[in-house]
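All chains are named by letter (A, B, ...) in the order of the sequence lines, taking the proteins before the strands, and each is independently numbered beginning at 1. Just the heavy atoms: all of them, side chains too, but no hydrogens, waters or symmetry mates, feed the values below.
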Protein chains: 2
Amino acid sequence: MRKSKQRDAILQVLQGTDSHPTAEWIFSRVRREIPNISLGTVYRNLNQLADGHLIQRIFDDGHLRFDANLHRHDHFRCIHCQRILDLEVELVGLDEAISDDDRFNATGYSLEVTGVCNECQHETEEI
Amino acid sequence: MRKSKQRDAILQVLQGTDSHPTAEWIFSRVRREIPNISLGTVYRNLNQLADGHLIQRIFDDGHLRFDANLHRHDHFRCIHCQRILDLEVELVGLDEAISDDDRFNATGYSLEVTGVCNECQHETEEI
DNA sequence: TGATTAATAGGAATCATTACTACTTAAACT
DNA sequence: AGTTTAAGTAGTAATGATTCCTATTAATCA
């Protein structure tokens, strides 16, 4: 993988946020620095970075998001505003449970908790 | 919700499988019975059924699938063939952990385990 | 410093899903 | 039973996220 200022900028934007952004959001941020970067370049690099395990892909409710946080963690997703928050939960007994299952060979898992975030909770109360 | 033979047929197809199918797969099955049903009708009814909690939506790696199994359960997804298997794992301590988190009000969660299913494991060994 | 080839910009293509519209039909109301 | 009315349908167009294509640019290396 050669170095390119586009990929560097993309990675830097992603590492500078904990908002689990979409490609479109990253595109709009990187554009401030490289105004004529194309959305295709953003997607291509995000996929390359994810394939090279420099970032992670997240699928929340059908939409693709990205995360520069590489250590194993899970997510909460607000069903109103789609905001994603990081979770650190210990899934006691899960490793044994899935290694006992002889239908497959597990390599990973991800937990998505859904609900309403505090901001959205307050909004609905105000109405 | 009025009754329609299209919706009945769709629900029956979904209840008759544990393969967590896509809309397209359900479409191809229902077509055997109602040859001129349209894909839009399948999508509209699947969404209605899901909104009415008669079936569940599943998002596996960005693709929409459906499940007539309504009781809370999780899934294993094979990263080779995309097959989905049902899991019954008890997530010890999870309920307390997420209700202790004061950033949100959780209403549900889903766990997706990934890896290689036995069929795909054997295939790779044969090569 | 020139050759090689990965990477890019810009735009076209793809694919799953949703929206639109004129027609059909379930079912509520005489 | 016949009429009304609004939900449902078929067929097709539109959408939107993502990927693909191609001529050009630029990183790397002999």
### Query
Rounded to whole angstroms, how far apart are CD on B:Gln48 and C1' on D:dA6?
14 Å

### Message
In this structure, would A:Leu39 and A:Phe66 fall into the same cluster of hydrophobic residues linked by side-chain contacts under 4.5 Å?
### Response
yes

### Task
Classify every nucleotide of nucleotides 12-30 of chain D by which part a protein heavy atom approaches to under 4.0 Å, writing B for the base, S for the sugar-phosphate alone and - for neither, in 5'-to-3' order.
-----SBB------BBS--

### Query
Using a heavy-atom cut-off of 4.0 Å to chain A, what are the terminal contacting nucleotides of DNA chain C, in 5' to 3' order?
C:dT5 to C:dG10

### Message
Judged by each residue's nearest nucleotide on DNA chain D, which is more toward the 5′ side, B:Asn36 or B:Arg7?
### Response
B:Arg7

#### Entry: B:Ile37 CD1 - D:dG11 P separation (whole Å)
10 Å

## Note on the structure
Minimal heavy-atom distance between B:Ile98 and B:Phe104, with the atoms involved, is O-CE1, 3.8 Å

### Query
For A:Thr41 and A:Arg44, does a side-chain donor sit closer than 3.5 Å to a side-chain acceptor?
yes

### Query
Are B:Asp61 and B:His63 linked by a side-chain donor-acceptor pair shorter than 3.5 Å?
no

#### Entry: Neighbour count >12 (heavy atoms, 6.0 Å) for atom CD, A:Glu33
no

### Message
Between B:His20 and B:Asp86, is there a side-chain donor-acceptor contact under 3.5 Å, judged purely by atom types and distance?
### Response
yes

### Message
Please report the distance, rounded to the nearest Å, between CG in B:Leu49 and C1' in D:dG8.
### Response
13 Å

### Task
Please determine if a side-chain N or O atom of B:Gln6 lies less than 4.0 Å away from the OP1 or OP2 oxygen of D:dA10.
yes

#### Entry: Separation of A:Arg7 CZ from A:Ile37 CD1 (nearest 0.5 Å)
10.5 Å

### Query
Parallel, tilted or perpendicular: which fits the ring planes of A:His75 and A:His73, with parallel below 30° and perpendicular above 60°?
perpendicular

